[in-house]
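Numbering of ligands and ligand atoms starts at 1, following listing order. Positions are given from 1 along the sequence.
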Amino acid sequence: MRTPLIAGNWKMYKTVAEAVELVEALLTSAEQGYASEREVLVCPPFTALYPLAPLLADSSIALGAQNMYHADEGAFTGEISPVMLKDIGCRYVILGHSERRQIFGEDDALINRKVHAALKHGLTPVLCIGETKPQRDAGDAETVTLGQLRASLHGLSATQARGVVLAYEPVWAIGTGDTATPADAQAMHAAIRAALASDYGQDIADAVRVLYGGSVKPDNVDALMAQPDIDGALVGGASLKADQFVRIINYQ
Ligand code: 13P
C-alpha cells in the first residue's frame, strides 16, 4: 500500500549552519528507527540544499526543494532548474504551494508546466492544492481544490500521475494553528482520490499519496494520520524544531 511520507517545508528559514544543525538532529533520531515504516523528506531553502546533500546522501531522509522553474536552463534571472536540483541530489520538489500562488502570482498553467518538467527529470513533485477561507465559506472548497488538481496535472499519462505526491493544504490552516478537523481533511482527501480514480483509474488513485498540510503539530498529527486517505503530512512551522518534527514523524 502507500508508504506514509512526512515532509518538512522549511520555507524561508534557516541559515546553512542552522540547517546542518537541524539535519544532524534528525539523522540522530533516524538512526534509532521510526515507529513503523515511513518516509521522511526535508525541503530546506535553496542555499542549504547543496551543503545538506552529502549529509543526507546515504540516509533514510530524502532531500527536496521548495520550488523550481520549468526550463532546463536559460536567461531566467533568479530561477533554479530541475536539472540543477537533480544535479545536487534532490529527489522531490514542492510545486504550487499557496504562498507561490498568492504572493508570487503562480497560476495553474505555470504549475502544470513545472509538474511536467519535474517528472521529465526524475524529480517527484509534491503538488500543493487547497482552498482559501472565503472559498470554503462559500461552499466552494471541493470545486476549487479539484480544479487546481486537474489543471495542475493536465496532460499527464496515468503512469506519470502515479509518480506525483499531492498535498492538500487548506490556505486558512497554514501558519494559523487552525488546522482542518480530521473529518474535514479526510472528506477532501477522499474527494481527491475519487477524482484521481475517475481520471486515471483506481490503481493510480490507490497508489498516489495525498499528504495533509496546515498547522500539523505533535498534538494533532495522530488523529490526522488515523484517517484512511491521509497518507502523510507536509509540515511548516513544526518542521523547524527537531523535537517537534521527530514527534510528528513518529505519529502513532
Ligand atoms: P504550517 O505547518 O506552518 O501551517 O505550514 C504548512 C505549510 O504551508 C507546509 O507547506
For [X], counting its heavy atoms only, list the atoms of ligand 1 lying under 4.0 Å from any of them.
X      : result
Leu234 : 9 (C), 10 (O)
Lys11  : 5 (O), 6 (C), 7 (C), 8 (O)
Ala173 : 4 (O)

Polar contact flag for [X] and ligand 1 (N/O pairs, less than 3.5 Å):
X      : answer
His97  : yes
Lys217 : no
Thr176 : no
Gly236 : yes

Closest protein heavy atom (residue, atom, distance) for [atom]:
atom                   : result
atom 3 (O) of ligand 1 : Gly237 N, 2.8 Å
atom 4 (O) of ligand 1 : Gly175 N, 2.6 Å
atom 7 (C) of ligand 1 : Glu169 OE2, 3.2 Å

Exercise for the section: Check Cys128 against ligand 1 and report side chain, backbone, both or neither, counting heavy atoms closer than 4.0 Å. Expected result: neither
Practice task
If the plane angle is over 60° it's perpendicular, under 30° parallel, otherwise tilted; pick one for Phe76 and Tyr69.
Solution key: tilted
Side-chain H-bond candidate by donor/acceptor type, [X] with [Y], under 3.5 Å:
X      : Y      : result
Glu169 : His97  : yes
Tyr34  : Glu39  : no
His121 : Asp72  : yes
Glu131 : Trp172 : yes

Exercise for the section: Please report the closest heavy-atom contact between Leu22 and Leu240, naming both atoms and the distance. Expected result: CD2-O, 3.7 Å
Handout entry: Shortest non-hydrogen contact between Leu55 and Leu27, atoms and distance
Key = O-CD1, 3.6 Å
Problem - Geometric cation-pi criterion Arg38 and Tyr251, 6.0 Å radius, 45° cone - result: yes
Exercise for the section: Can you establish whether the number of heavy atoms outside Glu18 located under 6.0 Å from its atom CD is more than 12? Expected result: yes
Practice task
Decide whether the shortest distance between a heavy atom of Gly213 and an atom of ligand 1 is less than 4.0 Å.
Solution key: no
Practice task
Compute the minimum heavy-atom distance from Ser215 to ligand 1 and say whether it is under 4.0 Å.
Solution key: yes
